[in-house]
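Everything on this sheet refers to the single structure shown next.
Within every chain, numbering begins at 1; the chains are lettered A, B, ... in the order of the sequence lines, protein sequences first and strands thereafter.
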Amino acid sequence: MGQRTKIKALLQSEQTNIEVTVKGWVRTFRNNQFIALNDGSTNNNIQVVVDFENTDPAILKRITTGAAISVVGQLVASLGKGQTVEVKATEIEVLGDSDPEKYPLQPKKHSLEFLREIAHLRFRTNTFGAIFRVRNSLSFAVHQFFQEKGFVYLHTPIITASDAEGAGETFHVTNFDLLNPPKTEDGEIDFKQDFFGRPTNLTVSGQLEGELGAMALSDIYTFGPTFRAENSNTTRHLAEFWMIEPEMAFYDLTDNMNLAEELLKYVIRYALDKNKEDIEFLSQRLEEEEKQKPQNERSDMSLLDKLQFCLDNDFERLTYTEAIDILKESTPNKKKKFQYPVEGWGTDLQSEHERYLVEKHFKKPVILTDYPKDIKAFYMRQNEPDAQGRETVRAMDILFPGIGEIVGGSQREERLDKLEQRMDEMGIPKDELWWYLDTRRFGACPHAGFGLGFERLVLFVTGMGNIRDVIPFPRFPKNAEF
RNA sequence: UCCUGAGUAGCUCAGCUGGUUAGAGCAUCUGACUGUUAAUCAGAGGGUCCCUGGUUCGAGUCCAGGCUCAGGAGCCA
């Protein structure tokens with residue numbers, strides 16, 4: 001195969017009147033003369049000009065939407081408007097035909113719902129090309145951020161036996177013949193005979209194992225897939241999603257928040273630098289989408305503005321208790337506009353409350369800390385009760401506009417007695433987590449960490465509305481196609 | 001899982017209180033045109049009206065059950 005130049009490079013080329021080879025997929029073929037060609041290196045197409053009078057009509061007929069072609073020609077300054085350079089073709093080879101009667105992508109706008117049904121082909125659209133290039137950059141930036149800080153990328157297991165965290169319903173992992181699993185004398189399934197000799201499942205979080213790494217390597221992070229078998233049908237949940245989970249020894253909650261905020265700003269800035277054109281395209285796409293909405297639901301900021309705003313401003317930090325006070329005094333609460341009125345202290349915030357704080361009250365990302373201990377996980381460090389005897393933990397959630405919770409983290413409980421007491425209270429089996437408790441027995445130290453939902457980050461940066469559109473092949477209830 | 005809405009041509013949709021042969025735009029195909037940018041103009045083809053059952057002389061339309069999708073809620077990242 002001969003060398004080819006990628007379209008991104010061609011469009012940036014300072015030289016013209018040179019011979020080039022370009023390969024890609026036909027987006028449109030206009031006028032029997034102009035091919036809009038795309039190879040995924042950029043959202044922009046290169047225009048290939050065909051001398052149709054001197055080209056075999058059999059070849060012309062095969063240049064259809066979706067076909068893969070190879071073109072040799074001269075890179076020249078464009079004679080038409082709309083592009084600066086174009087390729088005057090001298091040789092066109094059709095590498096792969098695409099039957100236009102059957103090819104589902106048409107040179108027209110498609111709904112995101114339809115494209116979701118043809119996820120194997122949606123990469124070939126402008127929107128999804130942009131999304132997945134941005135996703136790639138964000139992913140790379142995450143690694144670069146942590147590597148620059150000397151964090152160790154730790155691979156925590158995908159298959160685990162611990163469901164102890166109670167982070168959600170798990171997918172079981174088994175080798176059994178489901179119709180005929182071995183039974184014990186009591187008629188129970190005999191997991192001793194299963195592959196691992198015990199019940200196992202796909203991980204819901206690498207945190208507990210991550211903490212083990214941090215207790216020796218100081219600063220670690222995981223970045224891998226996570227699985228939750230919850231029957232969630234929302235625009236913010238997936239059954240298989242990617243999570244970034246750093247754990248840092250000798251960090252307290254403030255250090256933890258600082259790191260999370262710095263990480264988010266770093267990766268957003270990286271994507272803005274690296275994928276300017278893609279994000280501009282997505283920003284424009286969003287603006288057009290917003291025009292379809294009624295005036296009062298439209299956002300006053302463009303995607304680009306929102307991202308820049310996020311970089312330029314400190315995230316608002318306040319405690320759960322302060323948030324409750326604000327919500328109690330808020331206009332929608334007084335006018336009984338909330339579906340769930342804010343009355344007492346101690347219950348979890350509803351989506352509408354979080355949205356009010358982020359989108360109406362502060363109008364920027366918000367970090368809520370020190371939640372009531374009864375609504376949080378067992379491993380979070382307990383605060384001293386306040387003057388009124390209210391018990392909280394050193395938890396922090398970062399809430400983003402339009403997304404809700406994007407980060408959940410905490411300072412971990414390093415005191416063995418407090419941790420064991422909490423596990424007893426919550427019915428967490430200590431014997432199963434003996435290895436976790438060992439870190440509190442041998443050289444325990446203050447430490448902290450958080451989980452960042454990667455797809456939620458991609459949602460925010462791309463301005464997309466449904467999480468199923470920012471992962472190549474989404475897994476959700478009743479769907480595992482592709 | 002709950003609430004609301006939807007499912008009609010390849011796509012996006014219209015189809016009234018049940019009535020004869022189910023429509024439009026785009027896409028596709030054929031022809032014309034040939035520096036186009038969602039090209040344009042003319043013509044043509046294209047339907048399991050989501051599935052199952054029921055009511056009725058007659059169902060895309062009404063009823064029941066199911067499936068799928070979308071938005072919202074809960075769970076959370």
Side-chain angles (χ1 to χ4, degrees), chain A residues 27-36 44-53 60-61 64-66 76 78-83 86 88 98-118 126 165-169 204-207 222-223 225-245 260 292-293 297 338-340 348-355 375-377 397-400 403-409 450-460 465-471 476-479 481:
Chain A
R27 285 289 175 81
T28 63
F29 185 30
R30 275 188 299 274
N31 227 359
N32 228 6
Q33 216 179 154
F34 304 103
I35 303 168
N44 300 310
N45 305 323
I46 189 129
Q47 172 156 288
V48 175
V49 184
V50 182
D51 179 5
F52 68 95
E53 282 165 323
L60 291 178
K61 246 185 146 56
T64 58
T65 303
V76 296
S78 179
L79 299 177
K81 289 169 193 159
Q83 59 278 319
E86 62 192 20
K88 246 185 146 46
S98 174
D99 183 347
E101 302 258 22
K102 294 185 184 137
Y103 187 59
L105 285 174
Q106 300 161 4
K108 57 172 278 192
K109 226 183 169 66
H110 287 296
S111 67
L112 295 172
E113 292 81 14
F114 172 66
L115 292 171
R116 221 168 279 152
E117 292 169 11
I118 50 165
N126 285 332
E165 199 201 336
E169 290 292 310
V204 293
S205 162
Q207 180 200 317
T222 73
F223 186 178
T226 311
F227 309 87
R228 304 218 176 147
E230 248 133 48
N231 194 4
S232 305
N233 292 285
T234 78
T235 53
R236 306 179 303 282
H237 291 84
L238 290 166
E240 175 182 299
F241 63 99
W242 288 65
M243 192 150 63
I244 296 139
E245 295 180 290
Q292 312 292 317
K293 291 188 191 167
E297 286 175 31
F338 283 140
Q339 199 186 335
Y340 299 89
D348 213 347
L349 299 179
Q350 303 290 323
S351 300
E352 57 178 346
H353 305 144
E354 294 182 349
R355 230 179 300 124
I375 59 171
K376 287 292 183 183
D397 282 0
I398 303 186
L399 311 177
F400 261 38
I403 313 284
E405 188 177 342
I406 195 167
V407 164
F450 61 85
L452 164 61
F454 185 58
E455 280 75 19
R456 290 189 180 173
L457 172 66
V458 183
L459 263 187
F460 181 70
N466 190 321
I467 202 161
R468 297 168 186 183
D469 293 330
V470 300
I471 186 166
F476 52 95
K478 303 273 182 283
N479 195 304
E481 195 67 55

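- With P as the reference atom, B:A44 and B:G25 are 12 Å apart, rounded to whole Å.
- Nucleotides B:A6 and B:C63 have their P atoms positioned 12 Å apart, rounded to a whole Å.
- A side-chain donor-acceptor contact under 3.5 Å links A:Arg456 to the backbone of A:Glu405.
- An aromatic stacking contact links A:Phe241 with the base of B:A77, defined here by ring centres under 5.5 Å apart and ring planes under 30° from parallel.
- Among the nucleotides B:U37, B:C11, B:C29, the one closest to any side-chain atom of A:Arg30 is B:U37.
- Regarding contacts with the backbone of B:U36, every side-chain N or O of A:Gln47 stays at 4.0 angstrom or more from both OP1 and OP2.
- Residue A:Thr235 places at least one side-chain N or O under 4.0 Å from the OP1 or OP2 atom of B:G72.
- In terms of phosphate contacts, A:Lys61 brings a side-chain nitrogen or oxygen within less than 4.0 Å of OP1 or OP2 of B:U30.
- B:C62 is paired with B:G54 under the Watson-Crick or G-U wobble criterion, all donor-acceptor distances under 3.5 Å.
- Look at the P atom in both B:G45 and B:A24: the space between them is 11 Å, to the nearest Å.
- Across the P atoms, B:C50 and B:G74 are found 33 Å apart, a figure rounded to whole Å.
- Following rounding to the nearest Å, A:His237 (NE2) and B:C2 (P) show an atom-to-atom distance of 17 Å.
- Although no hydrogens or angles enter the test, the distance criterion places a donor-acceptor pair under 3.5 Å between the side chain of A:Glu352 and the main chain of A:Gln339.
- Here the side chain of A:Asn479 pairs a donor or acceptor atom with the backbone of A:Glu481 at under 3.5 angstrom.
- Nucleotides B:C33 and B:U21, compared at atom C1', are 36 Å apart to the nearest Å.
- A donor and an acceptor atom never sit less than 3.5 Å apart when one is taken from the side chain of A:Ser232 and the other from the base of B:C76.
- One donor-acceptor pair, N or O on each side, does fall under 3.5 Å between the base of B:G35 and the side chain of A:Glu86.
- Side-chain N/O atoms of A:Gln33 and base N/O atoms of B:U37 include no donor-acceptor pair closer than 3.5 Å.
- Taking atom CZ of A:Phe52 as the reference point, atom C1' of B:U36 lies 11 Å away to the nearest angstrom.
- Backbone-only contact: A:Phe114 has heavy atoms under 4.0 Å from sugar-phosphate atoms and none from a base.
- Of the residues near RNA chain B, A:Ala239 and A:Asn479, the one whose nearest nucleotide (by heavy atom distance) lies more toward the 5' end is A:Asn479.
- Taking atom C1' on both B:A22 and B:U48, the two are 14 Å apart, rounded to the nearest angstrom.
- Within 4.0 Å of A:Pro107, counting heavy atoms only, lie sugar-phosphate atoms of the nucleic acid but no base atom.
- Within the shown strands, B:G10 is the pairing partner of B:C26 under the Watson-Crick or G-U definition, both distances less than 3.5 Å.
- If you take NE2 of A:His110 and C1' of B:A27, they are 8 Å apart, rounded to a whole angstrom.
- Rounded to an integer number of Å, the gap from A:Glu354 CD to B:A73 C1' is 13 Å.
- Contact of A:Glu53 with B:U34 (side chain to base): no donor-acceptor pair of N or O atoms is detected under 3.5 Å.
- In this structure, A:Asn231 reaches the B:U1 phosphate: one of its side-chain N or O atoms is under 4.0 Å from OP1 or OP2.
- In this entry the distance linking CG of A:Leu457 with C1' of B:C76 reads 17 Å, nearest Å.
- A:Leu79 comes within 4.0 angstrom of a base, heavy atoms only.
- Contact annotation: A:Arg456 does not reach the phosphate of B:C76 (side-chain N/O to OP1 or OP2, under 4.0 Å).
- The closest donor-acceptor contact from the side chain of A:Glu245 to the backbone of A:Gly451 lies at 3.5 Å or more, if one exists at all.
- Across all strands shown, B:C41 is found opposite B:G31 as a Watson-Crick or G-U wobble partner, with both distances under 3.5 Å.
- Listed for the A:His353 side chain is a donor-acceptor partner under 3.5 Å among the backbone atoms of A:Tyr340.
- Remark: C1' of B:C76 and CZ of A:Phe476 are 18 Å apart, rounded to the nearest angstrom.
- Proximity of A:Arg116 to the phosphate of B:A70: a side-chain N or O atom is located under 4.0 Å from OP1 or OP2.
- The side chain of A:Ser111 contributes an N or O atom lying less than 4.0 Å from OP1 or OP2 of B:U12.
- Remark: the A:Lys88 side chain and the B:G35 base include a donor-acceptor N/O pair separated by less than 3.5 Å.
- For the P atoms, the distance from B:C16 to B:C62 is 9 Å, rounded to whole Å.
- Applying the 3.5 Å distance criterion, the base of B:U36 shares no donor-acceptor pair with the side chain of A:Asn32.
- Across all strands shown, B:U4 is found opposite B:A70 as a Watson-Crick or G-U wobble partner, with both distances under 3.5 Å.
- When atom types are taken as modelled, the side chain of A:Glu455 and the backbone of A:Phe241 share no donor-acceptor pair closer than 3.5 angstrom.
- Among the heavy atoms of the strands lying under 4.0 Å from A:Asn466 are primed sugar atoms or P, OP1, OP2 only; no base atom is included.
- The side chain of A:Tyr340 lies closest to B:A73 when the candidates are B:A77, B:A73, B:G71.
- Side chain of A:Gln83 to main chain of A:Lys81: a donor-acceptor pair is present (N/O by atom type, distance under 3.5 Å, no hydrogens or angles).
- The residue among A:Ile467 and A:Lys478 whose nearest nucleotide of RNA chain B is located toward the 5' end is A:Lys478.
- For the salt bridge (charged side-chain N to carboxylate O under 4.0 Å, His left out) test, residues two or more places apart in sequence or in another chain that qualify with A:Asp469 are A:Arg116, A:Arg122.
- Residue A:Gly80 is in base contact, counting any heavy-atom pair closer than 4.0 Å across all strands shown.
- Of all nucleotides present, none satisfies the Watson-Crick or G-U wobble test against B:C75 with each distance under 3.5 Å.
- Distances from the side chain of A:Asn31 to the nucleotides B:A39, B:A77, B:C26 place B:A39 closest.
- Note: CD (A:Glu101) to P (B:C11) measures 14 Å, nearest angstrom.
- Closest of all the heavy-atom pairs between A:Ser98 and A:Thr65 is OG-O, 3.0 Å.
- Nucleotides B:G72 and B:G54, compared at atom C1', are 33 Å apart to the nearest Å.
- For A:Thr234, taking side-chain heavy atoms from C-beta onward, the closest of the listed nucleotides B:U68, B:C75, B:G35 is B:C75.
- For A:Arg468 and B:A70, the shortest distance from a side-chain N or O to OP1 or OP2 is below 4.0 Å.
- Here the nucleotide nearest the side chain of A:Gln83, chosen from B:C11, B:U37, B:A27, is B:U37.
- For the pair A:Thr234 (side chain) and A:Arg236 (backbone), a donor-acceptor distance under 3.5 Å is present.
- Side-chain nitrogen and oxygen atoms of A:Ser351 include none within less than 4.0 Å of the OP1 or OP2 phosphate oxygen of B:G72.
- Among the nucleotides B:U68, B:C69, B:A27, the one closest to the side chain of A:Lys108 is B:A27.
- Across the protein-nucleic acid pair, A:Leu115 atom CG and B:U12 atom C1' stand 12 Å apart, rounded to whole Å.
- With a 3.5 Å ceiling on both atom-pair distances, B:G18 lacks any Watson-Crick or G-U wobble partner.
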